[in-house]
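Contents: one structure, followed by commentary.
By convention here, the first residue in the shown sequence is residue 1. Note that this is a predicted model, so its numbers are computed, not measured.
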Amino acid sequence: MEGVVHIPWYATGFRGDDLQEALSEIAPVALRYGGTDYLVQRSRDDRYRMLQTAAFPDKLSWERYWYGEEFKRFRTVCSGWYQIPVLYTWYDVVASGALEPA
């Protein structure tokens with residue numbers, strides 16, 4: 001079943017900009033693993049808080065991305081840039097919609 005994964009990130013002191021850049025680079029890699037959509041958001045109220053979302057047709061595709069070589073490298077290089085643990089949540093998509101650009 002199609003799902004969307006939410007990954008809350010919280011940057012460590014003075015690493016917010018670095019984490020934002022790294023997430024902006026790793027997020028599109030989801031498309032190589034069968035992802036259909038990705039999004040990285042940064043809170044305006046708390047500049048250390050970020051949310052990464054990615055849509056996948058099934059959970060196995062998500063796990064291939066999360067445990068793939070690119071994300072392993074991300075976790076190795078950026079391990080001191082965010083608070084641990086990072087706990088993602090899988091959501092089943094039950095309804096969706098969007099407006100097409102004019």
Return the CG to OG1 distance between D37 and T53, rounded to the nearest 0.5 Å. 6.5 Å

Going through the checks in order, is the salt bridge (Lys or Arg N to Asp or Glu O under 4.0 Å) test met by R64 and D58? CA-CA 11 Å; R64 287 182 178 144; D58 53 67; 5.9 Å; no

Return yes if a side-chain donor-acceptor contact under 3.5 Å exists between S43 and D46, otherwise no. no

Parallel, tilted or perpendicular, as decided by the 30° and 60° cut-offs, for the rings of Y10 and Y48: tilted

Please check: side-chain N/O of T76 versus main-chain N/O of K72, any donor-acceptor pairing under 3.5 Å? yes

If I take atom OH from residue Y82 and atom CZ from residue R75, how far apart are they, to the nearest 0.5 angstrom? 6.5 Å

Give, for atom CG of L19 and atom CZ of R47, the distance between the pair rounded to the nearest 0.5 Å. 12.0 Å

Count I, L, V, M, F, W, Y as connected when their side-chain heavy atoms are under 4.5 Å apart, and connections chain through other members. Are L51 and L87 then in the same cluster? no

Passing option when W62 is tested against Y88, Y67, Y91 for ring-ring contact (aromatic ring centres under 6.0 Å, His included): Y88

A22 versus F74, closest heavy-atom pair with distance: CB-CE1, 3.6 Å

Check the hydrophobic clustering (I, L, V, M, F, W, Y; side-chain heavy atoms under 4.5 Å; chains of links allowed) and say if V94 and V5 are grouped together. no

Is the shortest heavy-atom distance from the side chain of L23 to the side chain of M50 under 4.5 Å? yes

So how far is it from W81 CH2 to W9 CH2, rounded to the nearest 0.5 Å? 11.5 Å

For R42, look at atom CZ and say whether over 12 heavy atoms of other residues, nucleotides or ligands are found less than 6.0 Å away. yes

Quick one: does Q83's side chain get under 4.5 Å of T12's, heavy atoms only? yes

Would you check if V86 and I7 make a side-chain contact, meaning some heavy-atom pair closer than 4.5 Å? yes

What's the verdict on side-chain contact (heavy atoms from CB on, under 4.5 Å) for L39 and Q52, showing C-alpha distance, side-chain angles and the deciding distance? CA-CA 6 Å; L39 183 67; Q52 178 185 359; over 6 Å; no

What's the verdict on side-chain contact (heavy atoms from CB on, under 4.5 Å) for D17 and R15, showing C-alpha distance, side-chain angles and the deciding distance? CA-CA 6 Å; D17 292 339; R15 288 296 197 168; over 6 Å; no

What's the shortest heavy-atom distance between A30 and A54, and which atoms? CB-CB, 4.4 Å

We want to know whether Y65 and E70 form a side-chain donor-acceptor pair, criterion being a heavy-atom distance below 3.5 angstrom. no

What I'd like to find out is whether the side chain of Y33 reaches to under 4.5 Å of the side chain of W66, using heavy atoms alone. no

About how many Å separate NZ of K59 and CG of D92, when rounded to the nearest 0.5 Å? 9.5 Å

Spacing of R73 atom CZ and C78 atom SG [to the nearest 0.5 Å]: 11.0 Å

